Number of protein chains: 2
Amino acid sequence: MPIINQAQIAGILNVSRATVSKALKDADDISDGMKKRVRDLAEKFNYIPHYHASNLQSKRTRTIGIVVPDISYSFFAFAIDGIMDAAQRSGYQVILTVSREKADIERKNILTLLSMRVDGLLVAVSRETRNIQIFRKVRRSEIPLVFFDRSIEGLGFSAVGIDDRDAARRLIDFVLRSGYRRIWHIAGSSGIDVGRNRRAGYEDALKKRGIRLRKDWITEGGFTRADGRRGFRELHRRGSLPDVIFAANDQIALGAYDAMRELGIRYPDRVGVVAFSHHEYAEIVSPSLTIIHVDPCLLGRKAMELLLRHMDHPGARSRRLRIPAEIQKGESIRIPGIRREKINRSS
Amino acid sequence: MPIINQAQIAGILNVSRATVSKALKDADDISDGMKKRVRDLAEKFNYIPHYHASNLQSKRTRTIGIVVPDISYSFFAFAIDGIMDAAQRSGYQVILTVSREKADIERKNILTLLSMRVDGLLVAVSRETRNIQIFRKVRRSEIPLVFFDRSIEGLGFSAVGIDDRDAARRLIDFVLRSGYRRIWHIAGSSGIDVGRNRRAGYEDALKKRGIRLRKDWITEGGFTRADGRRGFRELHRRGSLPDVIFAANDQIALGAYDAMRELGIRYPDRVGVVAFSHHEYAEIVSPSLTIIHVDPCLLGRKAMELLLRHMDHPGARSRRLRIPAEIQKGESIRIPGIRREKINRSS
DNA sequence: TTGAAAGCGTTACCAG
DNA sequence: CTGGTAACGCTTTCAA
């Protein structure tokens with residue numbers, strides 16, 4: 001038999017549905033005897049409360065919705081892990097949706113989540129997203145939304161992201177302090193904020209040290225391993241080798257290594273590589289790699305914590321959240337990258 | 001203002017709630033004029049239908065629940081990706097829960113999902129799970145459940161898993177056919193089915209070729225990189241080097257490489273390594289590694305497809321699902337591993 | 001073409 | 001202590 005409901009229990013015991021409801025939730029105006037009879041029967045007939053029926057009254061669903069471009073990007077897998085962690089601790093269930101980088105799927109996902117009346121929304125927007133109508137709709141619905149990693153400015157929603165520019169600046173500054181001057185940058189696309197910011201950080205650092213920016217030290221492309229290989233070969237055609245390569249991410253770094261192997265260039269002895277990464281394998285592949293480690297898990301946790309604040313989650317204020325108390329809706333948090341201190345150039 | 005409901009729209013237009021409901025879903029017994037009036041107002045006031053209120057009637061939620069031990073195991077991240085893919089195509093939303101390998105969290109998660117009246121459940125059980133009461137409860141609730149990757153036998157639920165034993169047998173058979181005879185096995189724990197099955201496959205292959213099983217060629221431990229290192233060192237203490245090492249997974253293989261580096265043993269020239277893996281990085285780290293590639297994404301897709309069948313999802317039968325038609329509840333699917341054909345021992 | 005009423009499973013309020 | 005009734009947001013059936 002399918003799942004029994006309170007009315008059926010009430011029928012068997014010849015009491016009212018109200019009594020059963022109260023007995024099941026241990027109200028103090030129900031006799032112990034009645035409570036026991038109700039509970040025994042509930043147990044016996046495998047009663048399972050109906051989550052959404054209750055929520056119909058309370059106007060809260062204790063669920064939050066997530067929209068990510070793709071879960072097989074390990075970055076988002078880790079971020080979701082962090083979100084789940086914080087959500088579980090606060091008693092929220094998570095509804096996960098994936099946009100596959102398509103703006104229209106993203107739109108539909110958000111709409112579904114709104115219609116499910118999630119208590120809050122955590123969104124990393126797709127690369128394709130241009131139309132922001134759906135976000136206006138969210139705004140009007142008054143369901144809190146926090147962007148994580150990939151955000152849209154100017155809509156009045158908070159965002160939690162990595163401070164790429166600052167991290168890149170610090171990384172390059174470190175390289176300069178270590179005595180290296182010729183630093184190539186294999187950038188990602190500057191059409192994407194991550195690429196733009198990391199490049200800006202690189203330029204900040206050089207400027208600060210009074211080193212002239214050389215366009216022929218920088219190449220743009222995509223963020224894949226193949227792009228890294230292409231990038232290195234292109235820079236290499238232009239002239240002599242650098243001291244260090246700054247790769248915009250770990251995939252690009254791998255590609256640079258590929259190119260160096262092909263060209264017979266010894267690394268890290270001859271050329272050092274530094275890169276952004278969130279994944280341990282970058283260091284496994286090349287123990288010689290210096291990385292800015294960004295922690296997607298932390299990012300997810302922070303995003304969820306900020307969302308809890310926006311949802312007026314009881315306890316979100318009382319707990320010792322490490323989110324500055326003054327963060328209001330529409331303001332954002334930037335998480336710093338963590339530099340691993342080493343450059344293994346033997347020369 | 002919060003989200004408006006149908007009653008409010010009805011109030012404004014001075015019509016009944018029924019009319020609004022029907023107009024919104026384009027019923028054919030409503031005049032075009034009325035439909036337009038209702039829709040315009042709905043649009044204007046940002047009406048968003050209430051998912052759960054509708055579902056209250058239909059007895060279907062168009063949601064499925066997932067329970068995984070951990071999402072930061074990339075294996076499960078990929079599997080979830082496969083599930084999401086199939087779910088999205090069939091119009092299901094996904095509620096994701098994580099047990100962190102704890103039996104009691106797993107129990108609570110399943111209970112929550114039941115109470116949410118998910119239409120189906122996809123579960124990879126935690127390592128800790130002993131008590132199967134909760135699964136009896138699922139059984140009684142008549143909500144379909146399919147185990148994926150990690151399953152519990154004898155409960156009458158279907159399971160979708162990797163055919164580890166067969167894959168290991170084929171891998172080792174391939175190694176033997178390639179002319180290598182001394183094959184060490186750094187096994188995981190035989191307390192875990194994955195470990196047991198891979199070891200059994202190894203033994204199957206040796207037996208089939210009439211090669212005597214030597215206990216001192218096998219060592220058990222855990223599944224981590226450290227375990228791999230320990231395992232190699234232990235086997236190494238016992239005698240001369242093997243031709244090839246069979247590692248139960250890629251982490252163990254990495255550990256074996258660590259040990260060899262430390263001991264000054266040249267690989268892959270001197271010792272080849274073969275391993276199970278689902279992750280590309282294994283081959284990145286060691287282009288010399290021969291792996292049995294298991295595809296978690298495919299596993300997830302298959303699991304979802306089988307669940308759809310069990311849920312009598314309209315279309316689950318008509319579509320060309322590649323699940324054998326005769327799979328019934330309680331029966332299982334084993335997905336074969338894919339062998340990458342190469343062993344790069346230069347000797 | 002529209003509406004009244006009952007129902008989905010539960011809770012809240014007030015009476016008895 | 002228990003029960004009747006309305007309400008949550010929506011759909012469906014049947015009458016008008």
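No hydrogens, no waters, no symmetry mates; every other heavy atom, side chains included, goes into these values. Every chain is numbered from 1 and lettered A, B, ... according to where its sequence line falls, protein lines coming before strand lines. Quick caveat, the model's predicted, so the values are computed rather than measured.
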Novice: Just how far, in rounded Å, is C1' of C:dC8 from CD1 of A:I3?
Specialist: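 In whole Å, C:dC8 C1' and A:I3 CD1 are 14 Å from each other.
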Novice: Salt bridge (Lys or Arg N to Asp or Glu O under 4.0 Å): which pairs involve residues 114-138 of chain B, sequence neighbours left out?
Specialist: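 Of all non-adjacent pairs touching residues 114-138 of chain B, none passes salt bridge (Lys or Arg N to Asp or Glu O under 4.0 Å).
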Novice: ring-ring contact (aromatic ring centres under 6.0 Å, His included) with B:Y51: which residues, sequence neighbours excluded?
Specialist: none
Novice: Can you run down the ring-ring contact (aromatic ring centres under 6.0 Å, His included) pairs that involve residues 16-45 of chain B, sequence neighbours left out, and say none if there aren't any?
Specialist: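 Non-adjacent pairs meeting ring-ring contact (aromatic ring centres under 6.0 Å, His included): zero.
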Novice: In this structure, how many angstroms lie between the C1' atom of C:dT10 and the CG atom of B:N55, rounded?
Specialist: 16 Å
Novice: Sugar-phosphate atoms are those with a prime plus P, OP1 and OP2; base atoms are the rest. Using that split, label each nucleotide of nucleotides 6-16 of chain D B, S or - for protein heavy atoms under 4.0 Å, 5' to 3'.
Specialist: -BBBBBBB---
Novice: Please test B:E106 against B:T129 for side chain to side chain donor-acceptor pair (under 3.5 Å), starting from the C-alpha separation and ending with a verdict.
Specialist: CA-CA 8 Å; B:E106 180 176 85; B:T129 305; 2.5 Å; yes
Novice: Side chains of residues 24-32 of chain B: which donor-acceptor partners sit under 3.5 Å, not counting sequence neighbours?
Specialist:
unit_1: B:D26; atom_1: OD1; unit_2: B:K35; atom_2: NZ; d: 2.9
unit_1: B:D26; atom_1: OD1; unit_2: B:R39; atom_2: NH2; d: 3.0
unit_1: B:S31; atom_1: OG; unit_2: B:M34; atom_2: N; d: 3.2

Novice: To the nearest Å, give me how far apart CD1 (A:I30) and P (C:dG16) are.
Specialist: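 Value for this atom pair: 18 Å.
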Novice: Over how many whole Å does the gap from A:R62 atom CZ to C:dT10 atom P extend?
Specialist: 19 Å
Novice: Rounded to the Å, how far apart are A:L13 CG and D:dT2 P?
Specialist: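 Taking CG of A:L13 and P of D:dT2, I get 11 Å after rounding.
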Novice: Return a table of donor-acceptor pairs under 3.5 angstrom between the side chains of residues 75-82 of chain B and protein atoms on other chains or two or more places apart.
Specialist:
unit_1: B:D81; atom_1: OD1; unit_2: A:R100; atom_2: NH1; d: 3.3
unit_1: B:D81; atom_1: OD1; unit_2: A:R100; atom_2: NH2; d: 3.3

Novice: At less than 4.0 Å, is any side-chain N or O atom of B:T19 found next to OP1 or OP2 of C:dT1? Yes or no.
Specialist: no
